[in-house]
Amino acid sequence: MKVRKALVPDIKSIHKLINEFAKKGEMLPRSLNELYENIRDFLVFEEDNEIKGVCALHILWEDLAEIRSLAVKRESQKKGIGTILVKKCLNEAKKLGVKRVFVLTYVPEFFKRAGFKELDKSKLPQKIWGDCIRCPKFPECDEVALIYEFRE
Ligand SMILES: CC(=O)SCCNC(=O)CCNC(=O)[C@H](O)C(C)(C)COP(=O)(O)OP(=O)(O)OC[C@H]1O[C@@H](n2cnc3c(N)ncnc32)[C@H](O)[C@@H]1OP(=O)(O)O
């Protein structure tokens, strides 16, 4: 078992994993193009030569990053993989010097267990809404915003 940076040959598996959940409305879809362009944001959880989980950390501004596209294969859920991936992304954000990491999600309870606090979406800077125009739900966003702040 290992968590590692995603590689180009992983993208098709990552695409399938994310979009299976996206088809059911559980998370936002990602195109192959977006995945290749942002590959350096992605971590994968690999076990028995299979990608069982994926998560991305996207830096947005001097003091703000976003955790995106977290997905764990249905049969591998509830074994701690999602938490491991989120913690790795938070560690990376800390190392990079980012002070706050937010998520937009339909599973706020999972992120609360990982130390995130719920936040009024309107408190997030305008900059983050740039990507929302491509979201199928725009402008009726029903995701919950949560934030993780590192202590000084
Ligand atoms: C920013 C975004 O990307 S939001 C998109 C999130 N992704 C999805 O919703 C896609 C479908 N869901 C999944 O892939 C997974 O269920 C995930 C990623 C949400 C959770 O991954 P898992 O590996 O199952 O989580 P993990 O085993 O680390 O669970 C940690 C804790 O959260 C709880 N938890 C897991 N999923 C959920 C959930 N959907 N709602 C509430 N609590 C949850 C677990 O019960 C566990 O609690 P415990 O510590 O008391 O036992």
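Start at 1 and go down the list; that is how both ligands and their atoms are numbered.
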Salt bridge Glu20-Lys24, side-chain N to carboxylate O under 4.0 Å | no
Taking it one step at a time, do Ser122 and Asp120 satisfy side-chain hydrogen bond (donor to acceptor under 3.5 Å, both in side chains)?
-> CA-CA 5 Å; Ser122 65; Asp120 179 350; 3.0 Å; yes
Which of the atoms of ligand 1 are close to Thr83, meaning less than 4.0 Å from one of its heavy atoms?
-> 26 (P), 28 (O), 29 (O), 30 (C)
Looking at Met27, which atoms of ligand 1 are within less than 4.0 Å of one of its heavy atoms?
-> 10 (C)
So which protein heavy atom does atom 3 (O) of ligand 1 come closest to, and at what separation?
-> Leu70 N, 2.9 Å
Heavy-atom distance from atom 17 (C) of ligand 1 to the protein below 4.0 Å?
-> no
Atoms of ligand 1 close to Glu109 [distance to a heavy atom under 4.0 angstrom, numbered from 1] | 41 (C)
closest protein heavy atom to atom 23 (O) of ligand 1 is Gly82 N, 2.8 Å
Which protein non-hydrogen atom lies closest to atom 19 (C) of ligand 1, naming both residue and atom, and how far is it?
-> Val107 CG2, 4.0 Å
Let me know which of Lys2, Lys52, Arg4, Lys73 forms a salt bridge (Lys or Arg N to Asp or Glu O under 4.0 Å) with Glu47.
-> Lys52
Do Glu26 and Arg74 sit within salt-bridge range, that is, some charged N less than 4.0 Å from a carboxylate O?
-> yes
When Leu146, Ile67, Leu64 are each screened for side-chain contact (heavy atoms from CB on, under 4.5 Å) with Phe102, the one that passes is Leu64
Region of Cys55 engaging ligand 1 - heavy atom pairs below 4.0 Å | neither
Considering only the protein, which heavy-atom contact is closest to atom 9 (O) of ligand 1, and what is its distance?
-> Glu26 O, 3.7 Å
Above 12 or not: heavy atoms from other molecules or residues under 6.0 Å from NZ of Lys112?
-> yes
Under 4.0 Å from any heavy atom of Arg113, which atoms of ligand 1 are there?
-> 31 (C), 32 (O), 33 (C), 47 (O), 48 (P), 50 (O)
With a cut-off of 4.0 Å, which atoms of ligand 1 are near a heavy atom of Arg68?
-> 3 (O)
Is it true that Leu104 lies under 4.0 Å from ligand 1, counting heavy atoms only?
-> yes
Atom 24 (O) of ligand 1: the protein heavy-atom neighbour that sits closest, reported with distance to 0.1 Å = Lys78 N, 2.7 Å
Would you find a donor on one side and an acceptor on the other, under 3.5 Å apart, between the side chain of Lys5 and the backbone of Arg40?
-> yes
Enumerate the atoms of ligand 1 whose separation from the nearest heavy atom of Ile67 is less than 4.0 angstrom.
-> 1 (C)
Backbone N/O of Leu35 and side chain of Asn38: donor-acceptor pair under 3.5 Å | no
Run the numbers for me: atoms of ligand 1, each under 4.0 Å from some heavy atom of Lys79, listed by number.
-> 27 (O)
Is the closest basic N to carboxylate O distance between Arg68 and Glu66 below 4.0 Å?
-> yes
Could you tell me the residue and atom name of the protein heavy atom closest to atom 12 (N) of ligand 1, and the distance to it rounded to 0.1 Å?
-> Gln77 NE2, 3.5 Å
Quick note on ligand 1: atoms under 4.0 Å from a heavy atom of Thr105 include exactly 4 (S)
Heavy-atom proximity to atom 35 (C) of ligand 1 ranks first, among Phe111, Tyr106, Phe110, Phe116, for Phe110
Residue and atom name of the nearest protein heavy atom (relative to atom 14 (O) of ligand 1), distance in Å to one decimal | Val72 N, 2.8 Å
